[in-house]
Engineer: 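Before I ask anything, let me first share the structure, which is written out below as structure tokens.
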Amino acid sequence: MREVAIIGAGMTKFGRSEIGLIELMSEASIRALDDASLGDLRVDAVYVPNMGAARLNRQTAIASALVDRLNLFPAMAEAVENGPASGASAVKNGFQAIASGMADLVLVTGGERMRAVNNLEATDFVASLSHPQAEYIYGVTLPALAGMFTRLYMERYGVTARHLALVAVKNHANALDNPYAHIQQRITLEGILTAPEAVVNNPYIADPLRLYDCCPVSDGAASLVLASREIAEKLGRPVVRIAGIGQATDTHAVHERPDPTELTAVRLAAQKAFGMAGITPQDIDVAELHDAFTILEIAESEEAGFFRKGEGHVAVEEGVTSRTGTLPINPSGGLKAKGHPVGATGVAQLVELTWQLRGEAGERQVEGAKSAFACNFGGFGNNVVATVLRRED
Amino acid sequence: MGNIDELEALLRPPAMEMPPYPPKVITLASGERMVVRQIDRDEVPILLKAIAPLLWVERDFYDIVAARLFGELLAYKRYRVKDEYCLVGLIDGVLAGIVNGRLVDEEVGMSYHTITIRRGLRVGSHMFAAKMEYHMEILGQKEVLIVAESPIGFRRWMIEYPLEKKFEVPHELGGVPSWTLTRETYFKAKPRLVSGRRPVPPELLEKARTITLPAEETVKAQVLGEKGEGT
């Protein structure tokens, strides 16, 4: 199997876009291609992760549209739909294409334009990934699933509203230094939790989850250029190697799991990724976890092996996961504050980690980062992709 | 001159006695303190300056809200609207939001507009709540007639309170069928939507005495969602 490196990274500012989906993805792609400085080399394949273009933007065959827009003919091209894990799934496909020798240069561009519809429809669109007969039909939405998950976690492991709020405060603070972040607003524990006004500032969305426990609905795109290691070295680009990728699935309906607080697919995907990379969670310098809800950052940090089960919230409290801690998590602001255009998210996590490993993350740089981990969480944990990146000089 | 004054008196609507809105302070999600207080007519010109750049911002219907609010505040300053009032939200003296309304009679209020300058901190929600607090708790009214001119307003007022339909009454804003906030609905919603503390500490009140406008570019950036928008 050939080694695969990330040689180009780019993204748009997340938030609310006034331009169309293809234009948005083109912008991110051009930034990544410029970053890669390919010269005369041509992209062999294009993977386009996206979850909702057909429904939200009334557009299908978006990979063909993007290739046309970017004049990347005759590259192979296809869209990848795997719910909120579409991004990392597409990177995995690109990795496979290069590792197998089928392609030398791959463009992976994820994008979503969710704010083309109102909030109610956007929530319903995301809820359509739940089990149609066991969950969706009863009105279960993703915040509802996350709310029930959080309640169980609180009862079993002693997680409190304060721990959740600490995650939100941390990630909002990180996003202040990320010019691509959707939400650039400092929040405080007093303002969202302890002040009498907090009940208005931070209303309940799905008890015990409150407004600042939930990610925003975002538009945005992110892009990576992948290449064989040989090409990366020939181009003289800093080599950020995709050292490991793991993917695992779990039951569609959350209640069918023996223990709904166990995110088995996260654990298995992470184990595979670490096994492939030949390193352990303790070797990781920085991580981007899929904090669509604050509880998920805590739970994923445990399942990925960074902390023991039930101790992730203690690490948050002790500042271990802050930017100056021993394991910074979500220096980009995470989905919580950077935003969550679902198809772009998994790619954007790796864009951030690429910048971190190259030392190009500006004010939010984690000093000396050499190894990084990303968890892209699909469904409510029923399809998860974990990725390990390493900087190799 | 006397004739002009007489004519002017005829042009002005009759006014009712209105107890003033007692200022309060609200801690926002950012930890910043926003003072909500009533303005008098002399302060209208600076608010018009703040609103003017928004007249051409289509996003989230800022243009129509700004245009109507501009006219309403001018009418207030020039005594051409009956029993109007205006509240402002100020963070360290800097304008964060404006709300206004008027009395139809002693029992019924007419909500006009809510405009948020500093977005992303539920300033609009706090300001609208302060307006309802004025009608219900200070003026002792029985109901307030309300419409929304943007989907955001509809979510914040009609759905969050929730308001009742009173479609048989056309609202002053374009003759749109009215919704109503009753005392029962208000007091039921109050624990989750109305906040703030009184009295306002003197140093905060002093800072809020003069209205400072944020830079026009800052206003546009905030209103267009380039910062702090989306929550």
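For the numbers below, each heavy atom of this structure counts, side chains included, while hydrogens, waters and symmetry mates do not. Keep in mind it's a predicted model, so treat the numbers as computed, not measured. Residue numbers start from 1 in every chain, and the chains themselves are labelled A, B, ... in the order their sequence lines are given, proteins ahead of strands.
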Engineer: Taking atom CD of A/E363 as the centre, does the number of heavy atoms from other residues, nucleotides or ligands within less than 6.0 Å exceed 12?
Structural biologist: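 No, not enclosed.
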
Engineer: Decide if atom CD of B/E203 counts as having more than 12 heavy atoms of other residues, nucleotides or ligands within a radius under 6.0 Å.
Structural biologist: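 Atom CD in B/E203 is packed in, count exceeds 12.
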
Engineer: Looking at B/R197 and A/A195, what are the two nearest heavy atoms and their distance?
Structural biologist: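 In terms of heavy atoms, the two residues are closest at NH2-CB, 4.3 Å.
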
Engineer: To the nearest 0.5 Å, tell me how far B/S125 OG sits from A/N201 CG.
Structural biologist: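 Answer for the OG-CG pair, B/S125 versus A/N201, is 9.0 Å.
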
Engineer: Rounded to the nearest 0.5 Å, how far apart are CD of A/E190 and OG of B/S30?
Structural biologist: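 Going from the CD atom of A/E190 to the OG atom of B/S30 covers 9.5 Å.
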
Engineer: Hey, which residues of residues 131-154 of chain B are touching chain A, say heavy atoms under 4.5 Å apart?
Structural biologist: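 Listed by number, there are no contacting residues, so the answer is none.
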
Engineer: Please check if atom CD in B/E184 has more than 12 non-hydrogen atoms from other residues, nucleotides or ligands closer than 6.0 Å.
Structural biologist: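 Result for CD/B/E184: open.
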
Engineer: Which atom names give the shortest non-hydrogen contact between A/G191 and B/T27, and what distance separates them?
Structural biologist: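 Looks like CA-CG2, 4.5 Å.
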
Engineer: With rounding to the nearest 0.5 angstrom, report the CZ to CG distance, B/R155 to A/N118.
Structural biologist: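 That separation rounds to 7.5 Å.
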
Engineer: How far does CG of B/L28 sit from CD of A/Q185, to the nearest 0.5 angstrom?
Structural biologist: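 Atom-to-atom, B/L28:CG and A/Q185:CD are 8.5 Å apart.
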
Engineer: Is it true that B/R192 and A/E197 have a side-chain N and a carboxylate O under 4.0 angstrom from each other?
Structural biologist: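 Salt bridge flag = no for A/E197 with B/R192.
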
Engineer: B/V123 versus chain A, heavy atoms under 4.5 Å apart: side chain, backbone, both or neither?
Structural biologist: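 Neither the backbone nor the side chain of B/V123 comes within 4.5 Å of chain A.
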
Engineer: Are there more than 12 heavy atoms of other residues, nucleotides or ligands under 6.0 Å from atom CZ of A/R58?
Structural biologist: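 At most 12 heavy atoms, drawn from other residues, nucleotides or ligands, come within 6.0 Å of this atom.
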
Engineer: Are A/P203 and B/R122 side-chain neighbours, meaning at least one heavy-atom pair lies under 4.5 Å?
Structural biologist: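 A/P203 reaches B/R122 side chain to side chain.
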
Engineer: Using every non-hydrogen atom in the two residues, find where B/A29 and A/Y212 come nearest and quote the distance to one decimal.
Structural biologist: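 Here B/A29 and A/Y212 meet closest at CB-OH, 3.6 Å.
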
Engineer: Considering all heavy atoms of both residues, which atom of A/V200 and which atom of B/V194 are nearest to each other, and what is their separation?
Structural biologist: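 Reported closest heavy-atom pair: CG2-N, 4.1 Å.
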
